[in-house]
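Worksheet: one structure, shown below.
So you know, we letter chains A, B, ... as the sequences are listed, proteins then strands, and number each from 1.
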Protein chains: 2
Amino acid sequence: MLFSDLQHEDFDRIHHPIDDIEYGPGSHIYMQGDAMPFVYTIRSGLVKLSQHLPNGDTRIVRLLRQGDLAGLESLNGQPSEYEAITLDHVRVCRIPHSVIESLRRDTPRLHDALMKRWQKALSSADSWITRLTTGNSKTRVARLLMLLDNNSEDDSFFLPTREDMGAMLGVTTESVSKVTAEFTRNNWLRPLAQHRAWIDSEALEENFE
Amino acid sequence: MLFSDLQHEDFDRIHHPIDDIEYGPGSHIYMQGDAMPFVYTIRSGLVKLSQHLPNGDTRIVRLLRQGDLAGLESLNGQPSEYEAITLDHVRVCRIPHSVIESLRRDTPRLHDALMKRWQKALSSADSWITRLTTGNSKTRVARLLMLLDNNSEDDSFFLPTREDMGAMLGVTTESVSKVTAEFTRNNWLRPLAQHRAWIDSEALEENFE
DNA sequence: TGCCAGCATTGAAATTTTTCAATGTGATTA
DNA sequence: TAATCACATTGAAAAATTTCAATGCTGGCA
């Protein structure tokens, strides 16, 4: 939670509604171009942040999960450059900008917490570039699976559709499918029920550092 | 400049050395793994921020130019995940973390300035993903050339080596070369002396939105 | 001035990825 | 239970990209 760093007294200053909201899979939290008076912290589930190109291509630029902040970009009042769509069941906490602003003035701890979030988002964006858009398609799929696996608390993890995986890696749906099918044949990937899956991390790591 | 938002009185509080430094082309400002007690603002020139993968591949994740901040990542005290290398002649202003910290406490304006920088870096990282790692190699090269052109104050702009362009786009040196050579034959790209070049933006835009 | 070193360009063959068109498969619903 | 829908998988051919090996070009240096 964004506010985990704050003391209780800080919360008492909040006189604006902070809502907990739940979304089913595939829901739009916000769209590209939306005015954004809120920031969202993800309490559980996975959210894809994507951008559309003028030519109609869509690219997923980041996955947000528990503890991540969505809508940071728009703290400046600009409309969102992204759309945020849930992949599975998602719970968020919706915080009005006004709350952030007033807390920002009074509590240095929030400042620091916000800084840390920026930092995390940036470093995630960069490692996305280095790890998920470099190498051939097998390597990219392997790295994505390991990232999803790492992100998960669980032994299993959420396996997106091949189309979404393609949009994350910059390759076609079919190419992703060919690779995941091969991994499955090798027993490196075991798709389970409900869009979840398990991987043999050692084997993948060994073959695709 | 980072401090352009600050009033003069704020500067008087600074009792630490802030140095202006100049680098020739190809100089290392800092390396991956370096402890980083500084933040750098770029006063002029172009800097590449890159990351190495364990397998030896290198990927350029961002270009920094006038007004950008390098070393933001390490405000938390962690060693740098990046290396920053100059492409041309570069002037930077090197600011100790301690200065940032003490200003941060006292001057809300600096806070805001820093936030804006984070925001800019993040949005740049994301559009890097969407625009520079999507589409075929001609499209990517075209987009990179337009980005370099936009960045430049000048009518001409700095044209990196084919190898660096490849590391930005996730394609091989030779592939980039084939594309730039073709663009040159079409008169869409005109390489000039001293690593500089000119493009026919209309023609490129038309062919590669 | 001429030579060198370091890029850049080119070509052909190998490989990878995309494209396009079927064909599976599993979960949900009638 | 059967029908249906949304994805996933597969295969073959086309297209794009990489690889590898030469060959050009140019600016700096002896």
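- If you take CG of B:Asp164 and P of C:dA8, they are 9 Å apart, rounded to a whole angstrom.
- Checking the phosphate oxygens (OP1, OP2) of C:dT17, no side-chain nitrogen or oxygen of A:Arg140 falls inside 4.0 Å.
- Look at NZ on A:Lys138: it is 7 Å from P on C:dT16, rounded to the nearest Å.
- Looking at the side chain of A:Thr172, the nearest of the listed nucleotides C:dA12, D:dT17, C:dT18 is C:dT18.
- Contact of the A:Leu69 side chain with the A:Val39 side chain is registered, since non-hydrogen atoms from C-beta on lie closer than 4.5 Å.
- Residue A:Arg162 has its side chain nearest to D:dA8 when only C:dT17, C:dC7, D:dA8 are considered.
- Look at A:Ser175 and you'll find a side-chain N or O under 4.0 angstrom from OP1 or OP2 of C:dT18.
- Residue A:Leu87 contributes atom CG, which lies 13 Å from atom P of D:dC7 at whole-angstrom precision.
- The base of D:dT19 sits within donor-acceptor range of the side chain of B:Lys178, with an N or O pair under 3.5 Å.
- The side chain of A:Thr161 lies closest to D:dC7 when the candidates are C:dT17, C:dT9, D:dC7.
- Ionic pairing of A:Arg196 and A:Asp154 is present here: one or more N-O contacts between side-chain nitrogen and carboxylate oxygen are shorter than 4.0 angstrom.
- Proximity of B:Thr180 to the phosphate of C:dT9: a side-chain N or O atom is located under 4.0 Å from OP1 or OP2.
- Between the CD atom of A:Glu163 and the P atom of C:dT18 there is a distance of 14 Å, given to the nearest Å.
- To the nearest angstrom, C1' of C:dC7 lies 15 Å from CD of B:Gln194.
- Under 4.0 angstrom from either OP1 or OP2 of D:dT9 there lies at least one side-chain N or O belonging to A:Ser177.
- Of the candidates C:dT19, D:dA8, C:dT18, C:dT19 carries the atom nearest the A:Glu174 side chain, counting heavy atoms from C-beta on.
- In this structure, CD of B:Glu182 is placed 15 Å from C1' of C:dG11, rounded to the nearest angstrom.
- Residues A:Ala193 and A:Asn136 both approach DNA chain C. Their nearest nucleotides, taken by heavy-atom distance, put A:Asn136 toward the 5′ side.
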Exercise for review: Could you check B:Phe157 against B:Asn151 for side chain to side chain contact (heavy atoms under 4.5 Å, CB included), going step by step and ending with a plain yes or no?
Suggested key: CA-CA 8 Å; B:Phe157 60 88; B:Asn151 275 1; over 6 Å; no

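- If you take CG of A:Asp57 and P of C:dT18, they are 12 Å apart, rounded to a whole angstrom.
- When only modelled atom types and interatomic distance are considered, A:Ser175 and A:Thr172 share a side-chain donor-acceptor pair under 3.5 Å.
- For A:His89, the NE2 atom is densely surrounded, since the number of other residues' heavy atoms within 6.0 Å is greater than 12.
- Whole-Å rounding puts the B:His195 NE2 to D:dG28 C1' distance at 12 Å.
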